[in-house]
Amino acid sequence: MFFWTVAALLTLAASLAVLAPLARRAPAVAAASDRDLDVYRDQLAEVDRDVSRALIGMDEAEQARAEIGRRILKLNASRRSTAGAAGWARAVGAAAVLAIPVLSWGLYGVLGSPDLPSQPLEARLSKQPAESSPDELIARAERALRANPGDGRGWDVLAPVYRRVGRANEAVFAYRNAIRLLGDSAPRWAGLGEALAEQSGGTVSADARAAFEKALSLDPQDAQARFFMNVAAAQEKRYDDAIAGWNGLAATLPAGSEWQQASQRAMALAMQRKAAEEGGGPATGPTTEDVAAADQMTDGERGEMIEAMVAALDERLRTQPDDPEGWKRLVRSYIVLGKTDAARDALARGSKALGDPAKADELVRFARSFGLDATE
Amino acid sequence: MVEIGQFSLVLAFALSLVQSVAPALGARLSDERLMAVGRPAAIAGFAFTALAFAILLWAHVVSDFSVLNVWENSHSLKPMLYKVTGAWGSHEGSMLLWVLILTLFGMMVALFGANLPDTLKANVIAVQGWIGAAFFLFILTTSNPFTRLDPAPIEGQDLNPVLQDVGLAVHPPLLYLGYVGFSVCFSFAVAALIDGRIDAAWARWVRPWTLAAWLFLTGGITMGSYWAYYELGWGGFWFWDPVENASFMPWLAGTALLHSALVMEKRAALKIWTVLLAILTFSLSLLGTFLVRSGVLTSVHAFATDPGRGIFILCILAFFIGGSLALFAWRAGSLAPGGLFQPVSREGALVLNNLFLTTAAATVLVGTLYPLLVEAIGADKISVGAPFFNLTFGPVILPLICVVPFGPLLAWKRGDLAAVAQRLAAAFAAALVVVLSILLFVDKSAVFAALGCGLAVWLVFGALTDLWVKAGFGAQPAAIAARRLAGLPMSMFGTTAAHMGLGLTLLGIVSTVAFQQERIVTLKPGEATEVGGYTLRYEGLTPAKGANYDEQRGTFAILRADGRAAGSVMSSKRLYTTRQMPTTEAGIRTMGFSQLYVSLGDETDDGGIVVRAWWKPLVTLIWLGGLVMMAGGVLSLCDRRLRVGAPARRRVRAAQAAGEAAG
């Protein structure tokens with residue numbers, strides 16, 4: 001409301017400014033030649049001043065006066081007629097006055113955002129915490145910590161928040177401060193490790209590994225640190241170690257907990273990656289781009305992508321069944337996805353389709369290594 | 001609040017449209033009331049632009065990140081000065097400053113133009129309105145500074161670190177005052193062409209405006225040069241960079257205009273040429289605006305590129321330059337030509353000045369645009385650098401500098417060259433002494449440097465000779481001459497100061513280019529290097545933290561040749577955290593008019609650091625000369641003869657007479 005009132009007042013002021021001279025009686029004006037005459041008179045006076053200062057000689061002054069005199073004689077004394085197209089002029093005047101509100105409100109309608117209030121930073125940061133956005137809360141905490149950088153608890157609270165919103169550099173800084181001010185703890189070291197890993201684009205660097213090891217030395221059961229030690233193993237292509245580790249971790253954690261779910265997903269990916277590397281060709285497994293894409297996805301999307309890939313593999317094996325490695329991958333994928341029935345079905349179809357008993361036996365043995373028997 | 005700024009800007013655009021149509025039609029239809037609309041429209045237009053600018057400034061000061069422009073160019077931790085100057089550190093903000101100054105000048109014409117002929121005034125205000133309307137439209141359609149963000153981010157992206165400097169507070173406003181100041185001369189020229197006549201008041205009006213614009217442009221260029229010198233860390237003061245040239249061309253043309261307007265005022269000659277020059281000068285200013293903002297160039301000055309903007313400005317450019325030149329071609333014939341004159345006379349000298357200056361401006365124009373044209377037609381990417389300009393601009397400008405001292409000493413109408421040469425003998429002798437002493441005592445092989453210094457001294461003493469002669473020293477007792485000196489018109493002091501300033505700048509340039517010493521060494525803490533007779537001892541790096549950057553400060557102790565300490569100098573390497581952008585802050589210590597310039601390079605593995613150190617003799621004269629030139633402009637502007645139009649007494653009488661005539 002305030003804005004519209006001000007806008008209306010401003011429009012009124014602008015329109016009145018244009019209207020005022022139009023409403024007034026035509027001002028009396030001097031003809032252009034009168035103005036010229038004034039200028040020439042002033043030039044004559046200037047010549048006199050120059051003479052009195054002895055800047056120019058008498059001869060020069062006379063010449064200058066004569067020249068200015070000639071200019072005065074040349075002046076065209078005719079006055080311009082002020083009568084004329086009065087009707088036209090009135091129409092233009094009316095259009096000019098109207099143009100102000102019409103143009104300004106029309107253009108503002110296109111360009112403006114009248115409902116968006118100003119948001120000075122100071123005002124945003126002194127709002128009630130409940131009304132603030134996460135960004136604003138972080139900024140508030142930052143401000144408090146700038147004023148009092150020795151507040152370890154503040155760093156401790158802020159650090160994981162930074163990490164979650166993807167500000168890895170700040171997260172590392174905050175974890176380091178929290179550890180310095182509050183002392184060692186497994187969650188802080190593990191959090192620092194994860195932030196360091198994020199900082200180096202998701203790979204567990206030497207720094208990150210050292211941090212996780214420190215966390216495990218403080219608490220060997222720390223889920224976050226254990227999880228990432230397996231990530232490190234997977235990165236070194238020790239997939240079996242990684243998968244076993246995650247398997248063990250998932251078993252000890254309560255079902256549905258954060259790290260248990262993360263472990264299962266990571267396991268699935270690691271298996272595919274392993275398979276892709278063992279199988280070789282790009283058509284046989286997820287490409288590195290696919291996996292990289294999977295890292296970027298939400299859990300739901302990631303699950304869908306994996307299922308889609310498994311379904312595609314299943315479809316291919318129905319038409320081209322002579323592919324022992326393919327059958328192995330399919331069985332394992334179903335196991336990892338938790339679809340035991342589908343896995344058993346795939347195993348049965350595979351051993352039948354392969355024909356060659358040696359290859360079929362190998363597939364059964366492979367399935368058994370994951371605790372899956374051909375028939376109950 | 002922010003939306004009120006947006007609304008004011010829209011209103012200012014609407015007003016500029018009214019301002020561009022109503023007074024011009026009024027002048028055409030001889031309707032006083034329509035003509036009178038120009039004045040309040042120009043005043044209100046400025047008021048609303050100022051309101052919009054003030055609100056943008058406020059948004060920057062309070063870090064309102066719901067404004068896109070603030071988010072892109074500010075940071076809550078930025079020092080307050082840079083929050084304020086950041087408002088015009090971006091393309092959008094600087095365009096708003098541009099139109100703010102344009103409307104300011106439009107308002108000043110409206111306010112102080114009471115004694116201008118009415119049709120002339122109405123047409124001038126209308127032409128100002130056209131320029132304003134074009135640029136308001138440009139701002140609103142392609143570069144709106146009030147675009148909003150919803151939801152608003154919590155932190156901004158910070159201003160380009162190179163711009164976080166006091167220079168930003170001074171350089172762009174001065175430069176724009178210069179560029180845009182020439183718009184008034186342009187408007188006067190176009191108005192005269194529309195009217196088909198040049199009033200006597202025309203020249204009297206154009207000269208102070210030219211002087212004011214020239215004065216600011218001189219300041220802007222000087223400041224920009226010093227800023228580049230200390231901020232970019234290369235120790236150079238002029239790079240013949242296309243953007244620098246873009247400001248230099250209007251300066252050259254404006255200087256020519258300043259001198260031709262003088263002839264026109266005094267002798268009613270060179271009228272048509274002056275009109276053309278006024279058009280060309282502002283056209284070159286517009287060209288500068290186009291080059292900087294179209295994305296044609298890459299440089300410190302080039303703002304984020306957007307083809308839409310470039311095409312829009314190109315259209316504005318084509319309309320105003322093409323339109324005004326077409327108008328000139330069509331109407332120039334109807335203007336009454338001025339009188340003839342002798343070649344050896346003050347006016348003859350001023351014509352010579354104009355010839356050289358416009359040729360110089362054309363040379364720079366070719367050097368600036370040629371590479372762009374070659375690139376545009378798809379041929380090679382070529383670069384035209386200092387060698388080209390030294391070979392082309394130098395030979396044009398040097399003869400002009402040689403004859404500068406003659407000009408003011410020549411009389412109007414009929415000059416006596418021999419008598420003037422006689423009076424300048426002392427200045428010539430001084431120059432000769434300087435040349436010989438440099439050759440004998442400084443460097444036997446530096447012939448060109450010696451001649452350059454001699455030329456500079458010739459300019460300085462030649463300018464002083466003018467005052468000396470006019471006051472009558474030598475011809476009359478000293479007491480009388482001193483009294484006459486005090487009574488001389490201010491504009492004479494202005495001329496002397498401006499020509500002297502040119503000499504000082506030349507001296508600074510020649511001395512720096514010819515006699516500077518450079519050292520590039522790798523130093524470890526405790527090691528030293530010698531430059532310009534001083535020893536620089538590297539004390540080591542210390543980390544420090546600024547408001548929005550971290551820095552490594554390298555300190556150097558300065559020792560004289562005899563081992564005495566002479567203070568210290570500090571250069572630092574900064575990292576601006578938000579943009580992760582490193583900058584180098586040069587360490588500069590001024591000794592007399594000379595400077596010791598130290599800049600840090602990369603660190604080496606064994607704890608050393610690359611140090612570049614220069615000894616730059618008399619380097620500050622380059623910019624002090626610019627300031628002296630500005631002072632000359634101010635002095636001239638203070639001259640009572642330039643108080644515009646006729647004295648007030650006459651105006652009252654004229655108004656009475658007119659009142660009687662009308663009643």
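Lettering follows sequence order; numbering is per chain, from 1. Note that the coordinates shown come from a computational prediction; the quantities given were computed from them, not determined experimentally.
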Under 4.5 Å from any heavy atom of chain B, what part of Pro101(A) do you find: side chain, backbone, both or neither? neither
Check each atom of Pro153(B) against the heavy atoms of chain A and say whether the ones under 4.5 Å are side chain, backbone, both or neither. backbone
Side chain, backbone, both or neither: which part of Leu25(B) has a non-hydrogen atom closer than 4.5 Å to chain A? side chain
More than 12 heavy atoms from other groups under 6.0 Å of CZ on Arg28(B): no
Part of Val18(B) within contact of chain A (heavy atom distance under 4.5 Å): side chain
For the pair Lys78(B) (side chain) and Ala547(B) (backbone), establish whether a donor and an acceptor sit closer than 3.5 Å, ignoring hydrogens and angles. no
Donor-acceptor under 3.5 Å (Ser20(B) side chain, Leu17(B) main chain): yes
Between Ile55(B) and chain A, which part of the residue has a heavy atom less than 4.5 Å away: side chain, backbone, both or neither? neither
Determine whether Ser104(A) and Phe13(B) make a side-chain contact, defined as any pair of heavy atoms from C-beta on separated by less than 4.5 Å. no
With the side chain counted from C-beta on, respond yes when Leu10(A) and Ile4(B) share a heavy-atom pair under 4.5 Å apart, and no when they do not. yes
Among the options Ile100(A), Leu107(A), Leu19(A), Val6(A), pick out the one with the most heavy-atom pairs lying under 4.5 Å from chain B. Ile100(A)
Looking only at Ala17(A), Ala96(A), Ala14(A), Ser113(A), most heavy-atom pairs under 4.5 Å shared with chain B are made by Ser113(A)
What part of Leu77(B) gets within 4.5 angstrom of chain A, counting heavy atoms only: side chain, backbone, both, or neither? side chain
Engaged part of Thr11(A) at the chain B interface, taking heavy atoms whose separation is under 4.5 Å: both
Ile43(B) portion near chain A, given a 4.5 angstrom heavy-atom threshold: neither
What part of Ala44(B) lies closer than 4.5 angstrom to a heavy atom of chain A: side chain, backbone, both or neither? side chain
For Leu488(B) and Lys470(B), which heavy atoms make the closest approach, and how far apart are they? CD1-CB, 4.1 Å
Using a cut-off of under 4.5 Å on heavy-atom pairs, state which of Arg148(B), Met1(B), Glu155(B), Gln6(B) scores highest against chain A. Arg148(B)
Looking at residues at least two apart in the chain, or sitting in another chain, which of them share a ring pair (Phe, Tyr, Trp, His ring centres under 6.0 Å) with Phe3(A)? Tyr108(A)
So which part of Phe65(B) gets closer than 4.5 Å to some heavy atom of chain A, the side chain, the backbone, both or neither? both
Residue pairs fulfilling ring-ring contact (aromatic ring centres under 6.0 Å, His included) with at least one residue in residues 134-171 of chain A, sequence neighbours excluded: Trp155(A)-Phe173(A)
So, the part of Phe146(B) with a heavy atom under 4.5 Å from chain A: the answer is neither
Toward chain B, the part of Val18(A) with a non-hydrogen atom under 4.5 Å: both
